[in-house]
Amino acid sequence: MENKSFEEMLTELEGLVNKLEAGEISLEEALETYKRGTLLAAECAKLLESAEKQIKMLVSDGDKLTETDFSGN
C-alpha cells in the first residue's frame with residue numbers, strides 16, 4: 001500500500017463505499033472497488049491498533065504520566 005495518511009485512506013474508503021452503495025457500476029468495477037476497500041480497511045485497522053498500543057504505553061504513576069518506549073511492528 002502506498003504511503004498515505006490514515007485520514008487520506010479513510011477518505012478514499014468512504015468514497016469507495018459511496019460508489020458501491022450507488023450501485024451504478026459494473027460487476028467487474030464493483031469487485032475491484034470492493035478489493036481496494038478491503039485493503040484500505042485492513043490498513044486503517046492496523047494503524048488504529050498501532051495507535052492504541054502507543055496510547056497504552058502511557059502509564060499512570062501517581063499524579064504524573066510517564067511515557068515508555070513503544071516498539072510496534
Side-chain angles (χ1 to χ4, degrees):
M1 178 105 4
E2 62 274 4
N3 287 335
K4 287 187 172 186
S5 71
F6 175 81
E7 292 77 10
E8 290 170 327
M9 288 189 292
L10 190 57
T11 298
E12 183 181 349
L13 184 56
E14 289 171 345
L16 295 174
V17 168
N18 290 335
K19 190 175 186 179
L20 287 169
E21 286 179 342
E24 298 176 2
I25 57 177
S26 69
L27 177 60
E28 293 80 16
E29 189 178 357
L31 287 171
E32 288 303 314
T33 300
Y34 181 80
K35 286 180 194 177
R36 176 72 179 158
T38 56
L39 289 172
L40 285 169
E43 190 65 25
C44 285
K46 195 163 69 171
L47 288 172
L48 286 174
E49 184 179 323
S50 176
E52 183 179 351
K53 287 179 183 177
Q54 290 179 51
I55 290 168
K56 287 180 180 180
M57 296 305 291
L58 290 172
V59 180
S60 179
D61 182 21
D63 59 352
K64 67 177 184 172
L65 291 177
T66 56
E67 185 176 347
T68 59
D69 288 336
F70 173 75
S71 58
N73 296 340

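Predicted model, so just to flag it, every value in this text is computed and none were measured.
Under the 3.5 Å distance criterion, the side-chain polar atoms of S50 are left unmatched by any main-chain donor or acceptor of K46.
Residues M9 and L48 are members of one and the same hydrophobic cluster, defined by side-chain heavy-atom contacts under 4.5 angstrom among Ile, Leu, Val, Met, Phe, Trp and Tyr. Hydrophobic clustering places L13 together with L47 (ILVMFWY residues linked when any side-chain heavy atoms are closer than 4.5 Å, directly or through intermediates).
Put simply, the side chain of L20 reaches to within 4.5 Å of the side chain of I25, judged on heavy atoms.
Around the CZ atom of F6, the shell of radius 6.0 Å holds more than 12 heavy atoms that belong to other residues, nucleotides or ligands.
Under 4.0 Å is where a charged nitrogen must lie from a carboxylate oxygen, and between E32 and R36 no such pair does.
Shown are E12, K35, E8, K4; of these, the side-chain contact (heavy atoms from CB on, under 4.5 Å) with L40 is made only by E12.
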Item checked: Steps toward side chain to side chain contact (heavy atoms under 4.5 Å, CB included) verdict (E21, N18) -> CA-CA 5 Å; E21 286 179 342; N18 290 335; 4.0 Å; yes
